[in-house]
Amino acid sequence: MAISGRVPLLLLLGLVAVVLRPEGSTVWLWLLGVLLLVGIDLAVAPAPASVTLTRRQPGTVRLGDPATAGLRVAATRSGRVQVRDAWQPSAGATDNRHRFHLRAGESRRLTTPLLPRRRGDLHAAGVTVRTWGPLGLAARQRTYDVPGTVRALPPFESRKHLPSRLARLRDLDGRAAVRVRGQGTEFDSLREYVRGDDVRSIDWRASARAPHVVVRTWQPERDRRVVIVLDTSRTSAGRVARSVDEDVADGMPRLDAAMDAALLLGALASRAGDRIDFLAGDRRVRARQRVHGVRDVAARLQEQMADLEPTLVEADWDALAGGVQEFGRQRALVVLLTALEPSAIADGLLPVLPALTRHHRVVLASVRDPELGHLADVSATDRPTADAVYDAAAAEHELERRARMEEVLARLGVDVVDADAAQLPPALADHYLHLKAQGLL
Amino acid sequence: MTLTRPRRTTVLVALALVAALLVAVWSTRGSTEYPTPLDPRNPGPDGAQALAEVLDDQGVAVTVVRSADALEDTTVGEDTTVLVTATAALSPRTLDRLRRHAEPARLVLVEPSYSLVREIDEDLRATTVYPDEVEAACEAGSAPAGTDLSDLTIEVDQLTVFTGGDALDGARCFPTSGGVVVAESRAHDLVLLGAGQALTNDQVLRADNAALALRVAGGSNRLVWYVPDPTDAGADEVVSLGSLLPRWVVPGLWLTALALLGLLLWRVRRLGPLSREPLPVVVRAVETARSRGRMYRRSGDRRHAAGVLRRAARTDVAARLGLDRRAGTGEVVEATARHTGAPLEQVAALLDDHGHVPASDQDLVALAQELARLRKEVRRG
């Protein structure tokens, strides 16, 4: 039950009675009267169970975009009703307390604006119904579990890099002036020679039959496979700054930066005519999706990534490599989105790499932590403390191990793309375009 | 030396001040000691010192007592009159003690209040009147216990008069429209005197006031003049702040407290439980490097820390100078010395692992700074 502000007011009104009859018993009689009124009101108030609640799911939104949670309230008895549609705090529910009068048999639609602040599935916490008695003194209250979920997709902030990369892709593609014959390109068409074309691409046989010189054009290979592997193990939980001059507090976990990079690569590769396979996991495979012949690849990938969270376990690369092989034995570009953490890679990834590189072209994309560079730089302050110097030594040690690991990986034929969180998506996209231009897929 | 000797005028002023102070203290001595009206030691206009002095001169032994305990220490016999002034300070329980102790003597209460006479007898009433002159005209035979009050006329500004049917069964003198000024109650063995002003220094000489005062107070050889002290009253009889407040205040406060409780119950009830947030694990990625740094620090492994810093500097410098990655230490040192123009030994001491091992944390800091400076120099050049 609950009482309203009218109860203390009614009690205060008893002061008049006390002034008129200044006895202790007046107080108790008045209290008794007020309690009686409250009791009657409570007894007459409709039960919260007389209100039926129906949820309209808010659906899926991109992180940072608003959503609306709907709730249909119907009552079998008239009365004043208060409803609170509670969500977990990061769902950003505002104005979720509703107060209205409902007649018997009537129903009403309530909407609660949501603004998700975290990626993933955000749940409703319960709907509280408070039904008031006719005097408005007392109410009955009950909380019901009315399941609701809003799915917040990864924001795909690197979308802004997509147009420039697509323009670069068109340069590679048959539609623009630069058409160079090379390894891994496919014959596209014949056209008239214009100045600037490579003389090596002139097709003499066709020119002989035509009134003018004809060149052959080439286009990059299409229908290649790109396998994106997202590591959600312990190393992906580390929070890093977005770029060198930003603070870690405004940063994000490595996993989110890796997702951004994966989304840009997926969107770009699908526009280039390649087929995307997506795999995410740590000790076991958590998400697996073949995205072939779909228009909006990014949306499908976002859907897959929405509820992925870093887990504090070591990655089982055997399982992940197995997952990659299950997509097919056709040669593919395998992009491993993991942290360049020497110990984690040496223990888990290195043993399975040869098997991968034998069949596929492997790229390791890692989110760099700019903080490590700051830590190693002693000259940042005029008078470094002993602590800072020991930290710098530790950071230099770590950087050195990383450099050595990069060398090892390069020797195994793995390309390493290591960049800050904000720079990784365009860097990975550029590397992909580079491979495509070279016909190395 | 004018500084060491005080000026004459200063001394004179100081002496005058001291003298004035002494005169003031002497002249006010005793005057404010007993400021209570009708006090036998109060020489002021409303005091009764004159009466006490005259009685003393007339051979009446006047004993002044100022508390109930002191009164109980004095012996009160047949030939004694107990005169009580300042009766406003008399609480019911002190009155009881007084009456018990003054049993054999005659008790005279001067201007007892309405509530005090109600304490003595339910039927007694005291009222205040403002008459001009009042004549004795005693009824019911004689005046109280052997005093002759007939043919007297008193003249005061304010009088307390008594009525009260059966309670006033003794002599009754000085009747006014509201009651009598001097009344005797044989049943309770006391005399009520309503003309308090007739005893004051100021008004004792008006009309026959002095005669009344002397005859009432000087009826016996001994007079015990009791000036009650308010502190004689029991703790529960003391006039408290509560008894001065309106009666509805206490129940009103109770009701307000109940209303506050209601307010609390109203505000404390939440509309549904708090909603919880499943929080993810958030670790700073650099945390492992930091803890490694702390481990170096705790173990004090300066040789290792210096080695790491030197190796990092060598790698960096070699890369800047375009040397092969596998180039030896000597090669790097030579190239660096050539590039910066610094002496070879100095650069070697800085970059070579076999160079000086820092003996203290300060040394390590200095080495780190030197290495950073060298790297910067190479980068600039």
Side-chain angles (χ1 to χ4, degrees), chain A residues 2-5 7-9 11-12 14-15 18-19 22-24 26-27 30-31 82 84 86-90 97 125-126 128 130 141 143 237-240 248 253-254 309-310 312 339 369 371-372 375-379 384-387 389-400 403, chain B residues 246-252 254-256 258-267 269-278 280-297 304-309 311-312 315 325 361-362 364-365 367-369 371-373 375-376:
Chain A
I3 60 167
S4 73
V7 175
L9 274 181
L11 282 170
L12 272 188
L15 281 179
V18 164
V19 170
E23 301 288 336
T26 318
V27 176
W30 190 271
L31 179 68
Q82 243 176 313
R84 169 182 174 235
W87 287 75
Q88 72 180 70
S90 60
R97 281 149 195 262
T128 306
R130 194 180 265 193
Q141 177 178 323
T143 302
R239 181 173 279 266
V240 295
V248 187
R254 278 209 174 100
E309 290 292 343
L312 292 187
D369 182 11
E371 192 73 7
L372 207 57
L375 212 57
D377 189 7
V378 181
S379 59
T385 59
D387 279 338
V389 172
Y390 281 113
D391 280 351
E396 291 284 16
H397 181 80
E398 187 69 27
L399 287 172
E400 188 190 329
Chain B
R247 290 189 59 201
W248 55 266
V249 166
V250 175
W254 273 106
L255 200 65
T256 314
L258 284 173
L260 280 176
L261 189 72
L263 191 78
L264 209 71
L265 289 175
W266 167 42
R267 295 312 306 174
R269 183 71 167 122
R270 243 185 288 110
L271 190 57
L274 292 175
S275 44
R276 279 167 305 180
E277 178 78 34
V281 188
V282 176
V283 198
R284 284 171 72 137
V286 80
E287 210 52 60
T288 46
R290 276 191 194 284
S291 38
R292 188 189 291 272
R294 279 195 292 275
M295 262 153 67
Y296 285 175
R297 170 96 211 236
H304 182 76
V308 169
L309 288 173
R311 202 156 57 239
T315 317
R325 260 204 313 237
D361 280 356
Q362 277 78 13
L364 185 67
V365 171
L367 176 73
Q369 277 177 308
L371 285 173
R373 201 171 303 135
R375 285 167 78 166
K376 206 180 273 178

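Worth saying up front: this structure is predicted, and the values here are computed from it rather than measured. Residue numbers start from 1 in every chain, and the chains themselves are labelled A, B, ... in the order their sequence lines are given, proteins ahead of strands.
Without hydrogens or angle criteria, B:Glu277 side chain to A:Ser90 main chain gives a donor-acceptor distance under 3.5 Å. Looking only at distances, a side-chain donor or acceptor of B:Ser275 sits under 3.5 Å from a matching main-chain atom of A:Trp87.
If you measure heavy-atom distances from B:Arg267 to chain A, you find no contacts under 4.5 Å at all. With a 4.5 angstrom heavy-atom cutoff, A:Ala386 touches chain B via backbone and side-chain atoms both. Contact annotation for B:Arg294: only backbone heavy atoms (N, CA, C, O) come within less than 4.5 Å of a heavy atom of chain A. Residue contact with chain B, scored on non-hydrogen atoms closer than 4.5 Å, involves the side chain of A:Leu31 exclusively.
Electrostatic pairing of A:Glu398 and B:Arg290 does not count as a salt bridge here, judged by no charged N lying under 4.0 Å from a carboxylate O. Using a 4.0 Å cut-off between charged side-chain N and carboxylate O, A:Glu396 and B:Arg292 make no salt bridge.
In terms of heavy-atom proximity, A:Asp391 sits nearest to B:Gly293 at OD1-CA, 3.5 Å. Nearest approach of A:Pro89 to B:Arg276, heavy atoms of both residues: CD-O, 3.6 Å.
To the nearest 0.5 angstrom, B:Leu255 atom CG is 6.0 Å from A:Leu11 atom CG. Atom CG of B:Leu271 and atom OG1 of A:Thr143 lie 7.5 Å apart (nearest 0.5 Å).
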* To do: Kindly indicate, with the supporting measurements, whether the criterion side chain to side chain donor-acceptor pair (under 3.5 Å) is fulfilled by A:Tyr390 and B:Asp361.
  => CA-CA 9 Å; A:Tyr390 281 113; B:Asp361 280 356; 2.8 Å; yes
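Residue-environment remark: CZ (B:Arg247) stays at or below the threshold of 12 foreign heavy atoms within 6.0 Å.
Heavy-atom pairs under 4.5 Å with chain A peak, among B:Leu367, B:Val283, B:Leu260, at B:Val283.
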